[in-house]
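Each chain gets a letter, A, B and so on, in the order the sequences are listed, and its residues count up from 1. Everything quoted here is computed from the prediction, not taken from an experiment.
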Number of protein chains: 2
Amino acid sequence: MPPAPGDRDARREDVSQAVWRILAGKGFGGLTLRAVAAEMGVSTGMLMHYFPTKRDLVGHALHLLEEHTAARPRRHRPAEGLAALRAVLLDILPLTPDGTARNRIWVSSWDLALADDGLHADQAGRYARMRSAIRPHLEAARRQGELPASADLDRLAADAIAVTHGLVVQALFDPGRFPPDVQTATLDAFLASIATTGDLRD
Amino acid sequence: MPPAPGDRDARREDVSQAVWRILAGKGFGGLTLRAVAAEMGVSTGMLMHYFPTKRDLVGHALHLLEEHTAARPRRHRPAEGLAALRAVLLDILPLTPDGTARNRIWVSSWDLALADDGLHADQAGRYARMRSAIRPHLEAARRQGELPASADLDRLAADAIAVTHGLVVQALFDPGRFPPDVQTATLDAFLASIATTGDLRD
DNA sequence: TTACATACCGAACGCTCGTTACGTACGTGA
DNA sequence: TCACGTACGTAACGAGCGTTCGGTATGTAA
């Protein structure tokens with residue numbers, strides 16, 4: 001019965017890429033149906049055919065964001081413990097044009113997410129997932145003696161995410177002062193500080 | 001010659017407060033002239049009388065943001081060194097409703113700032129000023145032996161701002177998981193880690 | 001009094017937004 | 001062949017935006 005099965009998914013993928021480019025350039029504030037349509041050289045009606053409302057489009061864009069974040073080319077995960085944590089955090093930083101675009105979109109989404117209850121909860125969940133994702137590495141680090149036995153891993157997880165995202169924001173606004181090697185060094189300074197610390201007090 | 005000197009500045013201040021309330025509630029995405037006018041119970045024409053364009057209004061709002069940040073009630077600055085740094089960073093965190101509103105607006109402004117070249121530069125400058133504002137405390141800390149003599153203070157400044165703002169974002173999205181005492185403890189964990197570290201390697 | 005600038009209101013303009021309605025081309029199933 | 005559902009394009013709608021404009025009231029300066 002479907003006449004042209006014409007890859008529906010492929011079309012949605014095309015739209016996704018156009019949305020991605022708009023977001024990377026203009027942020028969520030510049031994401032309009034007409035901008036996306038113009039970027040693709042198609043009509044707005046075509047967009048609505050695949051995404052009935054703009055909310056669907058935004059929702060898909062945020063889904064894309066998480067997908068890109070999960071599917072980005074990962075550097076070799078060298079070992080367990082702090083080295084592995086370092087690799088995870090380095091993967092987050094805007095060290096490449098692609099990483100910059102990804103983080104640009106992340107930060108841009110926060111205005112929307114803070115204003116919209118549903119997106120707000122999504123974002124809180126994403127952070128919780130990030131923290132629990134790095135916990136195993138912290139546990140391994142503590143097991144290997146890279147962290148003191150008394151270390152509060154939940155606190156350290158929040159600290160590590162905080163350093164990383166705080167660095168992301170500063171780097172986005174001042175890429176000249178935070179080239180990749182400076183970002184790496186700054187992150188390493190943090191890791192070194194928690195690693196060589198004998199006592200992370202309550 | 002001016003007929004009603006009618007406090008022009010007082011009026012601008014009224015407008016500023018209305019803008020502040022809108023921003024705290026809806027973010028920059030919800031900042032419209034009509035919203036501000038409705039909040040004040042006046043006409044949009046009145047707004048244009050004091051701020052010729054919306055850009056002027058936004059610029060003033062960002063100026064307000066910096067002013068509020070500078071003029072907020074500061075906790076007692078106890079001493080020099082890391083204790084003073086701690087006080088500065090605690091003043092930034094969203095530990096009170098007012099501080100939450102201030103940070104809410106900060107984060108919300110990033111989408112706009114990343115899209116607009118002028119605002120982009122302003123924001124980069126603001127970060128640079130923040131880093132140089134905490135440098136004296138780091139220098140004092142090093143002088144007092146709270147930091148190793150080899151410590152890279154520029155790096156530490158970026159790290160401290162990163163931890164703080166990264167914590168701000170997480171706290172804004174999940175205030176339940178980051179009540180004031182948890183934020184304080186997380187920040188203290190960071191400070192303790194840099195303080196007791198014997199070697200902050202390059 | 002006249003002249004004039006300020007302080008505002010209310011309505012409107014032109015534009016862009018998300019969304020909808022309508023039309024057409026096309027490939028399939030009967 | 002004919003009916004039908006999909007895949008679009010084109011055009012328009014209504015709402016909301018920033019901005020402009022004309023009008024009125026008011027208070028000072030001359």
Could you give the [atom1]-to-[atom2] distance, from [X] to [N], as a whole number of Å?
X     : N      : atom1 : atom2 : result
B:L47 : D:dC17 : CG    : P     : 13 Å
A:R11 : D:dA7  : CZ    : P     : 10 Å
B:F28 : D:dC17 : CZ    : P     : 16 Å
B:K26 : D:dG16 : NZ    : P     : 13 Å

Suppose we screen for side-chain contact (heavy atoms from CB on, under 4.5 Å). Which residues come up paired with [X], at least two apart in sequence or across chains?
X     : answer
A:T53 : A:R55, A:D56
B:A24 : B:A101, B:I105
B:K54 : B:L33, B:V58

Which residue pairs pass the salt bridge (Lys or Arg N to Asp or Glu O under 4.0 Å) test when at least one of the two sits in residues 35-45 of chain A, sequence neighbours left out?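 Checked against salt bridge (Lys or Arg N to Asp or Glu O under 4.0 Å) - neighbours excluded - the pairs reaching residues 35-45 of chain A are A:R21-A:E39.
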Where along nucleotides 10-20 of chain C does protein come under 4.0 Å, by heavy atom, of base (B) or sugar-phosphate alone (S), with - for untouched nucleotides? BBB----BBBB
Contacts under 3.5 angstrom, residues 162-180 of chain B side chains, donor-acceptor by atom type, not counting sequence neighbours:
from	atom 1	to	atom 2	distance (Å)
B:T164	OG1	B:A160	O	2.7
B:H165	ND1	B:Y127	OH	2.6
B:Q170	OE1	A:R131	NH1	2.7
B:Q170	NE2	A:A158	O	3.1
B:D174	OD1	B:R177	N	3.4

A:V42 side chain: which of D:dT6, D:dG9, C:dC9 is closest?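 Of D:dT6, D:dG9, C:dC9, D:dG9 is nearest to the side chain of A:V42.
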Test item: B:D122 and B:R126 side chains (from C-beta on) under 4.5 Å apart, heavy atoms: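 Yes, side chains in contact.
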If the cut-off is 4.0 Å, is A:H49 near the phosphate of D:dA7, judged by side-chain N/O to OP1 or OP2?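 Yes, because at least one side-chain N or O of A:H49 sits under 4.0 Å from OP1 or OP2 of D:dA7.
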